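Just below is one structure, and these are the notes that go with it.
Just so we're clear, the structure is a prediction, and the values are computed from it rather than from any experiment. Protein chains get the first letters and strands the later ones, always in sequence-line order, with residue 1 at the start of each.
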Protein chains: 2
Amino acid sequence: MSPVRVLLADDEHLIRGALAALLALEDDLLVVAEAASGPEALAMARAHRPDVAVLDLQMPGADGVSVATSLRAELPGCRTMIVTSHGRPGHLKRALAAGVRAFAPKTVSAQRLAELIRTVHAGGRYVDPELAADAISAGDSPLTAREAEVLELAADGAPIAEIAERASLSQGTVRNYLSSAATKLGAENRHTAVRLARERGWV
Amino acid sequence: MSPVRVLLADDEHLIRGALAALLALEDDLLVVAEAASGPEALAMARAHRPDVAVLDLQMPGADGVSVATSLRAELPGCRTMIVTSHGRPGHLKRALAAGVRAFAPKTVSAQRLAELIRTVHAGGRYVDPELAADAISAGDSPLTAREAEVLELAADGAPIAEIAERASLSQGTVRNYLSSAATKLGAENRHTAVRLARERGWV
DNA sequence: CTGCTGCCCTGACAAATGTCATGGTCGGCG
DNA sequence: CGCCGACCATGACATTTGTCAGGGCAGCAG
């Protein structure tokens, strides 16, 4: 049986190289390409047509989820999986929506990762139980479209006036959305609201 | 010549294991211990007395710099080096002050890391050129002791009243420190000030 | 159609925050 | 000593922000 062709995408050279070396020890796995950024991962995938793409969530250029989305459209035969250091509930949700087959933290062992690659290649799915629990308990975003939009604009600490201008809204309206968003998230002010929304992956 | 005894500390199992495997390929390096947290790293170092400790900057329990500080006191013969994914100028400065011999991002190759371990063991030093440039251009923190302290308490978006209580200060005083800190950092409000200070590693 | 619910939007008011002028303390220096 | 500059600390005042009550507009059930 021919080996599983794997694409490895991670911006940390140290990890990528080490991982490639470890996976090379597995007879049934073959790392055919490596990439250090989102766009590069796409280009490599087009060129080498891997069976499974292992993507880091945070990469320069484009994050793992958007790469997965593009791959799904261009190479339907290529399964994708995400490996990340900071797993947030919202990311998991977005990833699954993008057709990602597995989602695991970087705290898993290489042995386990190899198993996951095989599982995914065979058509199976996997999500880290702890992350899954977080995602379920976090639930869906309670924020309305405008609330999320305004919260996003408030993310870098900009004053209300600037947010209002960029959103073409009255300052009072902006305050209201931020206030209701903060209430829904259980925050005392918009800044902690931003932080909480970030943690849950809702922005 | 006997091999260099190395301690590896990183909370991401995937990376730590892969790294250990790669370093094992080098004849003159021997990984004698691994740790997934700050306290564990200390315990392992006490038990195995490595020549060089390779520490991740962000670990549960205690970060790489504080581990390095403790190691310097307990095991003067053990050289320390830091490897990190997010290198901020202030961290580099703190690390050097703690007696760390090398500071590199995780984007270096394993080959390069092996060289660094040898360099450090031989008594040499190394800091990533790009990080060094950032640190120099960022300069020293312009914040006074109280300003930094108050800014830290404001980090999670707590209201002034809470900060004042936790710092045993008047609310007006707290406002003043935050205001002057924001001015020094070129921020419009305390929240962006916190963000900027974080980016520069000053909190 | 009518009433209801949910979302979007606004302005007025109250509370939190940022700015300013001021004073106290400490250490260095002529 | 007397002066100066840097840091710490405070309260009064103006600005910004959060809260509230309410109006307009869709979609939908009865």
Side-chain angles (χ1 to χ4, degrees), chain A residues 90 93-94 97 138-203, chain B residues 90 93-94 97 138-203:
Chain A
K93 198 156 298 193
R94 281 198 305 134
D140 267 331
S141 170
L143 305 176
T144 70
R146 288 274 190 255
E147 283 165 358
E149 178 189 339
V150 172
L151 200 57
E152 189 125 21
L153 290 173
D156 55 353
I160 297 273
E162 189 180 321
I163 300 173
E165 189 179 4
R166 290 214 276 169
S168 302
L169 287 176
S170 153
Q171 299 199 6
T173 308
V174 170
R175 288 201 212 89
N176 247 358
Y177 285 142
L178 290 175
S179 178
S180 80
T183 304
K184 286 177 180 175
L185 297 176
E188 289 197 331
N189 56 46
R190 64 202 168 102
H191 302 285
T192 60
V194 165
R195 192 165 53 79
L196 290 174
R198 276 250 162 78
E199 285 173 9
R200 292 167 169 71
W202 289 338
V203 290
Chain B
K93 198 156 296 191
R94 281 198 305 134
D140 267 331
S141 170
L143 305 175
T144 70
R146 287 276 189 260
E147 283 165 358
E149 179 188 339
V150 173
L151 201 57
E152 189 125 22
L153 289 173
D156 54 353
I160 298 272
E162 189 180 320
I163 300 172
E165 189 179 4
R166 288 214 277 169
S168 301
L169 287 176
S170 152
Q171 298 199 6
T173 308
V174 170
R175 285 204 285 276
N176 247 358
Y177 285 141
L178 290 175
S179 178
S180 81
T183 304
K184 286 177 180 174
L185 296 176
E188 289 196 330
N189 56 46
R190 67 205 167 99
H191 303 285
T192 60
V194 166
R195 195 167 50 80
L196 289 174
R198 275 252 162 78
E199 285 172 9
R200 292 168 169 73
W202 289 337
V203 288

Ignoring backbone atoms, establish whether A/Ser179 has a side-chain N or O less than 4.0 Å from OP1 or OP2 of D/dT17. no
Which nucleotide in C/dG11, C/dG18, C/dC9 has an atom nearest any side-chain atom of B/Ile160: C/dG18
When the distance from NE2 of A/His191 to P of D/dT16 is rounded to whole Å, what number comes out? 14 Å
C/dC9, OP1 or OP2 - any side-chain N/O from A/Ser170 closer than 4.0 Å? no
Picking from D/dC8, D/dT10, D/dT17, the nucleotide nearest the side-chain atoms of B/Thr144 would be D/dC8
Say you draw a straight line from CZ of A/Arg195 to CG of A/Asn189; how long is it, rounded to the nearest 0.5 Å? 9.0 Å
Between atom CZ in A/Arg175 and atom P in D/dC20, what is the gap in whole Å? 14 Å
What is the distance, rounded to the nearest whole Å, between atom CD of B/Glu162 and atom C1' of C/dA16? 14 Å
To check you understand the geometry: which heavy-atom pair defines the closest contact between A/Ala197 and A/Leu151, and what is its length? CB-CD2, 3.7 Å
Output yes when at least one side-chain N/O atom of A/Arg190 is less than 4.0 Å from OP1 or OP2 of D/dT17, else no. yes
Can you tell me how far the CD atom of B/Glu199 sits from the CG atom of B/Leu185, to the nearest 0.5 Å? 10.5 Å
Are the side chains of A/Arg190 and B/His191 in contact, using a 4.5 Å heavy-atom criterion? no
Measure CD/B/Glu188 against C1'/C/dT19 and give the value in whole Å, please. 14 Å
Report the distance from atom CG of B/Asn176 to atom P of D/dC7, rounded to the nearest whole Å. 14 Å
For the pair made of CD in A/Glu149 and P in C/dC7, what is the distance, rounded to whole Å? 16 Å
From CD of A/Gln171 over to P of C/dG11, roughly how many Å is that when rounded to an integer? 10 Å
Validation row: B/Leu153, B/Val174 side chains within 4.5 angstrom (heavy atoms): no
Out of C/dC8, D/dT17, D/dA9, whichever nucleotide has its closest atom nearest the side chain of B/Leu169: D/dA9
Rounded distance in Å - CD (A/Glu147) to P (C/dG6): 13 Å
By nearest nucleotide on DNA chain D, pick out whichever of B/Gly172 and A/Leu178 is the more 5' one. B/Gly172
